[in-house]
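Since the structure comes first, as structure tokens, the remarks are kept for the end.
Because the structure is a prediction, the values reported are computed rather than measured. Any value given below was found using the heavy atoms of this structure, including those in side chains, with hydrogens, waters and symmetry copies removed.
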Amino acid sequence: MLRIHMNFGLDKSFIIIATILLFAGCQRQEEAPSVWTRLTDFPGEKRAFAGGVQINGKGYVVFGLMGLGIDSKEIWEFNKQNNNWKKLASYDGGGGRTLVTASSEKIYIFNGSSQVSYIDSIVEFDLSSYSFKKINLPNDLLIKDNMLFSNGGNLYVHGESKTKVNNEIVLSKKFFKYQINKNQWSELPFINEDDIPKSLSVSYYGSLPIPTFAIDNKFYLINGQGLLWAFDNITEQWTNLGKAASDGYDVRYGSFNFKIGKYVYLMGGYIHNLGIYSKKMFRYDYSTNTWTDLGFEFPGDERTGAAGFTMDNRAYMCMGLTRNGLSLKDVWVFSGDERQSP
């Protein structure tokens with residue numbers, strides 16, 4: 001099963017649109033026609049740009065930024081049976097903005113702290129022993145985080161690489177496969193130079209990656225021109241699927257993307273050309289390569305840098321950064337679009 005999670009970041013002005021219902025007891029919930037339900041808040045510190053992943057029916061949130069220049073080094077576990085959180089471990093060797101993926105009982109972490117832009121390794125966290133191990137990138141390569149996913153015992157990583165050639169720094173876009181069992185790296189062909197996904201640079205919070213998601217043996221990205229590309233991990237080839245969500249879709253960065261049933265959903269994100277955050281939701285039917293604007297919005301705060309995971313056909317989204325630069329600790333669950341066809 002292919003898993004992917006990306007993290008994001010930022011803007012300035014501020015709008016809150018929320019519907020709040022208060023229930024008795026310690027569990028607070030908010031509901032909206034779009035079947036988003038608010039759960040009890042995350043018990044740790046507020047944070048954004050954390051990584052999120054699901055393994056064996058439990059969700060995990062990894063690292064993140066708790067404020068400007070303040071890195072979280074924690075890994076937390078979420079139990080959907082009682083909506084409880086448990087802190088598992090802290091990592092002395094890293095923290096901050098994080099991409100994560102999973103294979104078997106291990107979480108793979110690609111993180112950049114608030115002080116470090118380029119990364120020389122991936123970190124493996126073993127859930128059976130709560131231990132960490134570094135996996136060095138090939139040939140002294142340094143990569144600025146952009147994309148990380150896994151499938152079939154392999155990790156795939158893409159980013160802006162920095163290498164030395166004749167004592168001069170050379171920047172380029174690279175796409176690599178790492179075979180976990182063999183501890184072996186290989187470079188793969190990538191899409192054409194003009195179509196390479198360009199993250200949006202953002203001063204103090206780094207960059208906002210383009211939307212990405214995974215379906216079965218394929219990984220999808222929407223580049224800065226709004227084109228949808230699919231990578232088949234069997235053939236290791238990329239295919240241009242045309243414009244994404246052409247009706248009502250503005251190219252966005254840092255959206256929350258997840259799969260439920262036969263659909264993929266994209267929620268929110270920062271629309272750079274308009275300078276605004278969006279709370280709109282789009283649905284992608286990959287069997288027909290068609291997009292639908294669902295016509296409703298997320299009922300909580302507009303945000304970027306949210307973490308999340310999907311379990312039992314429900315998407316859990318938590319944390320993130322508001323338009324005024326404040327981190328969040330709210331937790332939401334989305335149980336599907338009421339208007340989806342059977």
Distance from [X] atom [atom1] to [Y] atom [atom2], nearest 0.5 Å?
{"X": "Ser72", "Y": "Arg47", "atom1": "OG", "atom2": "CZ", "answer": "3.5 Å"}
{"X": "Asn183", "Y": "Ile135", "atom1": "CG", "atom2": "CD1", "answer": "7.0 Å"}
{"X": "Gln184", "Y": "Asn154", "atom1": "CD", "atom2": "CG", "answer": "10.0 Å"}
{"X": "Glu77", "Y": "Ile55", "atom1": "CD", "atom2": "CD1", "answer": "9.5 Å"}

Checklist entry - With Ser287, which of Thr290, Asn289, Asp285 fulfils side chain to side chain donor-acceptor pair (under 3.5 Å)? => result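 Answer to the side chain to side chain donor-acceptor pair (under 3.5 Å) test with Ser287 among Thr290, Asn289, Asp285: Asp285.
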Looking at every heavy atom in both [X] and [Y], which two are closest together, and how far apart are they?
{"X": "Asn257", "Y": "Pro211", "result": "ND2-CA, 3.7 Å"}
{"X": "Leu88", "Y": "Tyr130", "result": "CD2-OH, 3.3 Å"}
{"X": "Tyr286", "Y": "Gly261", "result": "OH-O, 3.6 Å"}
{"X": "Lys58", "Y": "Asn79", "result": "CE-ND2, 4.3 Å"}
{"X": "Ala315", "Y": "Ile260", "result": "N-CD1, 3.9 Å"}
{"X": "Val157", "Y": "Leu148", "result": "CB-CD1, 4.3 Å"}

Item to check | Exceeds 12 heavy-atom contacts within 6.0 angstrom, atom CD of Glu236 | outcome: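 Enclosed: over 12 neighbouring heavy atoms sit under 6.0 Å from CD of Glu236.
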Next on the checklist: Looking at Lys46, I want to see if its NZ is surrounded by more than 12 non-hydrogen atoms of other residues, nucleotides or ligands under 6.0 Å.
Outcome noted: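 Check fails, neighbour count at 12 or below.
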Checklist entry - Do Lys106 and Tyr108 have side-chain heavy atoms sitting under 4.5 Å apart? => result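 Counting from C-beta outward, Lys106 and Tyr108 do come under 4.5 Å.
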Next on the checklist: Which residue is it: Phe309, Phe334, Trp332? I am looking for the one with a ring-ring contact (aromatic ring centres under 6.0 Å, His included) to Phe258.
Outcome noted: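 Filter result, single survivor: Phe334.
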Checklist entry - Taking the six-membered ring for Trp, are Trp238 and Trp229 parallel (under 30°), tilted (30 to 60°) or perpendicular (over 60°)? => result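 It falls in the perpendicular class, over 60°.
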Item to check | Plane angle bin for Tyr220 and Tyr284 - parallel if under 30°, tilted between 30 and 60°, otherwise perpendicular | outcome: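 Taking Tyr220 first and then Tyr284, their aromatic rings stand perpendicular (interplane angle over 60°).
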Item to check | Asp71 and Phe63: CA distance, side-chain angles, deciding distance, side-chain contact (heavy atoms from CB on, under 4.5 Å) verdict | outcome: CA-CA 7 Å; Asp71 297 336; Phe63 301 167; over 6 Å; no
Checklist entry - Given Ile122 and Tyr178, is the side-chain contact (heavy atoms from CB on, under 4.5 Å) satisfied, shown in steps? => result CA-CA 10 Å; Ile122 291 173; Tyr178 175 72; 5.9 Å; no
Next on the checklist: Is there a path of hydrophobic side-chain contacts, each under 4.5 Å between heavy atoms of I/L/V/M/F/W/Y residues, joining Val333 to Met319?
Outcome noted: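 Cluster IDs for Met319 and Val333 match.
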Checklist entry - Could you go step by step and tell me if Asn240 and Leu227 meet the side-chain contact (heavy atoms from CB on, under 4.5 Å) rule? => result CA-CA 7 Å; Asn240 184 345; Leu227 293 175; 4.1 Å; yes
Checklist entry - Does Asp232 use its side chain to pair, donor to acceptor, with the backbone of Ile234 at less than 3.5 Å? => result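 Flag set: sc Asp232 to bb Ile234 pair under 3.5 Å.
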Item to check | Polar side-chain atom of Lys259 near backbone of Ala214 as donor-acceptor pair, under 3.5 Å | outcome: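 Checking the backbone N and O of Ala214 against the side chain of Lys259, no donor-acceptor pair under 3.5 Å is found.
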Next on the checklist: Let's go through Tyr253 and Tyr270 carefully: what are the C-alpha distance in whole Å and the side-chain angles of both, what is the deciding distance for ring pair (Phe, Tyr, Trp, His ring centres under 6.0 Å) to 0.1 Å, and is it a yes or a no?
Outcome noted: CA-CA 5 Å; Tyr253 300 83; Tyr270 175 63; 7.5 Å; no
Item to check | Ring centers of Tyr316, Phe78 separated by less than 6.0 Å | outcome: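 For Tyr316 and Phe78, the ring centres are under 6.0 Å apart.
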Next on the checklist: Could you check, using the six-membered ring where one of them is a Trp, whether Phe219 and Phe231 have ring centers closer than 6.0 angstrom?
Outcome noted: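 No - the distance between ring centres of Phe219 and Phe231 does not fall below the 6.0 Å cut-off.
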Next on the checklist: What verdict does the side-chain contact (heavy atoms from CB on, under 4.5 Å) test give for Ile109 and Ile75, after you've listed the backbone C-alpha separation in whole Å, the side-chain angles of each residue and the deciding distance to 0.1 Å?
Outcome noted: CA-CA 11 Å; Ile109 306 164; Ile75 296 180; 4.2 Å; yes
Checklist entry - Taking NZ, NE, NH1 and NH2 as the nitrogens, is one of them in Asp293 or Lys280 under 4.0 Å from a carboxylate oxygen of the other? => result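 A salt bridge links Asp293 with Lys280.
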